[in-house]
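So you know, we letter chains A, B, ... as the sequences are listed, proteins then strands, and number each from 1.
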Amino acid sequence: MASLVELQLNQAQEAAANERQGPLQVFAGAGSGKTRVIVERVRRLIALDGVRPERILALTFTNRAAREMRERSAALFGAEAERVWFGTFHSACARFLRFYGESLGLSRNFVVYDDADQRTAVSRCLRDLGRANAAADVRAWAGRINRAKQEGLAPQDLPERTYADRQLVELYQRYEQALKQSQALDFSDLLLRTLQGLRTEPSFRLQLERRFDQLLIDEFQDTNQVQYAIVQALASRHRCLCVVGDDDQSIYRWRGANRDNLRRFREDFSEAKVVLLEQNYRSTPEILAAANAVISRGRDREPKVLHTENPAGHSVCVWSCHDSAEEGRAFLCAVDEAVDAGFALSDIALFYRTHAQSRIFEEVLRQANMPYRIFGGLRFYERAEIKDIVAYLRLVHLSQDDVAFLRVVNTPARGIGKTSVERLLLHAVELGLPLLDISTNPASVPDLNANAKRRLAAFAALISQLRARYRVHRSVATLTADIFEESGIKAALTQDATVENQARLDNIRELMNSVIEWERANGGMPDGSSADRSTQEPSETAAHALSSEANPEVPHSDPSQRAAHLGAIEPLTAFLESITLASEAVEGEETHGALTLMSVHSAKGLEFPVVFVAGMEHGLFPYQRSGDEGDPEAFEEERRLAYVAMTRAEKLLHLSHATTRRIYGQLRLQHPSPFLEEVAALPVEERRSDGFGFSPRRPLTHLRLTASPSFGGYSDDADNAANTFKSDYRRATPTLMGVTPRTHQGSTTLTHAASDGASDDVSVQQRTGSATRDAETFERDGTYVDYEESQLEELPFSIGAQVLHERFGPGRILHIVTAMPPRARVDFDTGPRQVLLSYLRLAPS
DNA sequence: GAATGAAGTATTTTT
DNA sequence: TACTTCATTC
């Protein structure tokens, strides 16, 4: 960003920073200096209006955003900024509930279940109810519960019309009961309980209403129903709230975000001022023109047009590739050119719609010896070994935590197998007691063998020992070290010294370091006075703000006093909360001087000098899954996603597409994305490979596609194959004038003449009865069959053949899939299923 | 409870 | 294709 911009706000920005007395809605276009405006507004609230910093609440969606605001504020106006409450919706609500939740019947020591914990709990509830609990089902049911919670619906609010409805209600009820018994809240609960408290518990509402004088909500287009209602309730007294957002960057509808909240806001706060930030400081006019070409065709948007005064730059570059491997090479080529032009590798980012696309790029980059970092892997606290240790911590913290119990009762293996746990679970359901309690005295568990009883008791004793010692030393770090040693995790990992185990040990060591650091920063250890503000957790600042407000007589500016405040919450409770609510993605080691690869979603909120967006193809970006075709809302969100991707770029923007791509093992003909076509109508530069490499940059006025000689359509006879081929080919080649089919010795050749005078021969292969093109045929019932011609001849089986399977007995082949290894779909007595060909014998006739 | 093999299933992700 | 998960067997 130019330094001049740092010093001065433009007119719209000035308006947003100055409108501080009532509700305000700011539409902040991509790269319009949003964070700057927010930070400046906060500064003025404190400096000009005399608002006490701890009475300002700024809510964001991610810890990253909260941290950025806190840091930018500190840079702008120093110490006062530290007392402003910057936090996520979830961390703020967790704090509210910790401090004021007793009136809602909540324990001060509740634990927070993350998604994985939630699934474990749901799975157990399904089992308790005697229902199927396969992983895919668990995920689906958990999703349904979450959807209900996001809309603020309790089990009794749900419809019970169908069987599935009733199943959900039954499960949801049981799940809530399980949470209660484990003193646990899931992520949605943090919001939902806060809202319920605000609505039904006057004392809770009063305390929070009085607590803040100014509210600020970032990324408002991402709020869901419950979040909106919380904001509304919190602001009802003073109505001094500022919501900032951009409807064009709303890309989280699928997780409950409700874009309509922007409109609702103007109804509920009809006196609100509205400010539009439309000047972009990030991108070149070329990039902005491309982005605008896409977003301007969006439906149902707030009318606004992003413009820039930045100097002209380079044309947007469109790469037409034959396949994904060539797309990888195209990226490499773009990287080389950017580096030649003086960009650093860390200036360059590759975005893709789905993570599956990253593989080929990783291969290409590794081959070229290019350092890169990739986002979207497992986060640190999601790694198994870390979750194990944390589960021990949780079990020490609360013996009711059955989810934690189930995770570690046999981790590391200590001879308490599935069957034993099963029996324990059955018994626990009957008694309604926590698993750990029963394990302390396992004699009463029916059918449990003596060994298992002994081992369970030993496990329970281990936990209670750890807990007893923790009560004395009260150090999370010491407890963590004890767990590592005494649980047997250390022994198990050191015993066989594989590379993986070494990595796991390193991770655990890293965890222990972070615990020590956390403890130091939060005054849990004797030398807590050395607390360093720069390392504070957001939740810690929040705790400070709340507790100092709750005890106004205690001064809050002295760090050593803050430790005393935190004493109000168990250190272990506080630590566990900080890791579930503030777990960040692990970044690769090579953060410096490395390329960045990430999904478009994770790119939101970031910017890079050079951006390459891969896979701009129909069906991939916009992503489309079957059944989606007619959903205009889904398509509109993809459009906004493309807009987000493009507006991340500062100087150079590359878009690419491949004509063929392997999707779920099937080679598919890919058409360019409509978004790409919209951009290609502008003066862009087209690049394509001549088979040896990419030609140097050259200006182009329109995008033209060539068909690859190996692609196909779907058909069940030769004529259809030729026709499908023709129409696909025609669609892919806008310049195509005519296609002439010629059949000779079982092989059809299509000759096409293009308008530019060129002509080309493409052959369509066909075999007995069913047509093939590029070794693919289509069966009548809609399943693909693909095969190599040579393989087909070797196969002893044919469609319709009677076969025998070792396990399933006699059957008839419905169709053959000659992927490697080859399979067939066979109609057995028990119904059709797909089996490996190697398990089949021809039935004697 | 490990090892094997067969079958099922394929976005986006933060808290 | 490539992954995970489930069932069976040793």
Within this structure, what is the [atom1]-to-[atom2] distance between [X] and [N], rounded to whole angstrom?
X	N	atom1	atom2	result
Glu363(A)	dT1(C)	CD	C1'	12 Å
Arg253(A)	dT13(B)	CZ	P	17 Å
Phe187(A)	dT13(B)	CZ	C1'	11 Å
Gln666(A)	dA2(C)	CD	C1'	13 Å
Leu192(A)	dT15(B)	CG	P	20 Å
Asp117(A)	dT14(B)	CG	C1'	15 Å
Asp323(A)	dT1(C)	CG	P	16 Å
Phe635(A)	dT12(B)	CZ	P	20 Å

For Arg454(A), is the CZ atom crowded, meaning more than 12 foreign heavy atoms sit under 6.0 Å from it? yes
Should the heavy atoms of other residues, nucleotides or ligands under 6.0 Å from NE2 of His618(A) be counted, would the total exceed 12? no
If only atom types and distance count, is the side chain of Ser420(A) paired as donor or acceptor with the main-chain N or O of Ile416(A) below 3.5 Å? no
Could you check whether any side-chain N or O of Asn224(A) sits under 3.5 Å from a backbone N or O of Arg253(A), counting only pairs where one atom can act as donor and the other as acceptor? no
If you assign each of Gly417(A) and Tyr664(A) to its closest nucleotide in DNA chain B, which residue comes earlier from the 5' end? Gly417(A)
5' priority, DNA chain B, between Ser188(A) and Leu641(A) [closest heavy atom]: Leu641(A)
Begin from the C-alpha positions of His601(A) and Tyr252(A) and carry the test ring-ring contact (aromatic ring centres under 6.0 Å, His included) through to its verdict. CA-CA 9 Å; His601(A) 280 91; Tyr252(A) 287 113; 5.5 Å; yes
Within the structure shown, what part of the strands sits under 4.0 Å from [X] by heavy-atom distance: base, sugar-phosphate, or nothing?
X	result
Glu638(A)	base
Tyr623(A)	base
Asp114(A)	nothing
Gly415(A)	sugar-phosphate

Suppose you measure atom [atom1] in [N] against the same atom in [M]; what distance do you get, rounded to whole Å?
N	M	atom1	value
dT11(B)	dC6(C)	C1'	25 Å
dT5(C)	dT12(B)	C1'	23 Å
dC3(C)	dT14(B)	C1'	24 Å

Taking only N and O in the side chain of [X], is any of them less than 4.0 Å away from OP1 or OP2 of [N]?
X	N	value
Ser602(A)	dT13(B)	yes
Asn63(A)	dT15(B)	yes
His355(A)	dT13(B)	yes
Arg359(A)	dA2(C)	yes

Using a cutoff of under 3.5 Å, can you pull out all pairs of nitrogen or oxygen atoms linking the protein to nucleotides 2-4 of chain B, with atom names and distances?
none

Does the side chain of Thr573(A) pick up a donor-acceptor pair with the side chain of Asn109(A) at under 3.5 Å? yes
Taking atom types as modelled and ignoring hydrogens, do the side chains of Gln118(A) and Tyr175(A) form a donor-acceptor contact shorter than 3.5 angstrom? yes
Would Trp254(A) count as stacked on dT12(B) if the rule is ring centres under 5.5 Å and plane angle under 30°? yes
Run the ring-ring contact (aromatic ring centres under 6.0 Å, His included) check on Phe96(A) and Trp85(A) step by step: do they pass? CA-CA 12 Å; Phe96(A) 297 161; Trp85(A) 187 339; 5.6 Å; yes
So does Asp218(A) pair up with Lys34(A), basic N to acidic O under 4.0 Å? yes
Checking one value: the base orientation of dT11(B), syn if chi is within 90 degrees of 0, otherwise anti. syn
Under 3.5 Å donor-acceptor pair, Arg662(A) side-chain atoms to dT1(C) base atoms: no
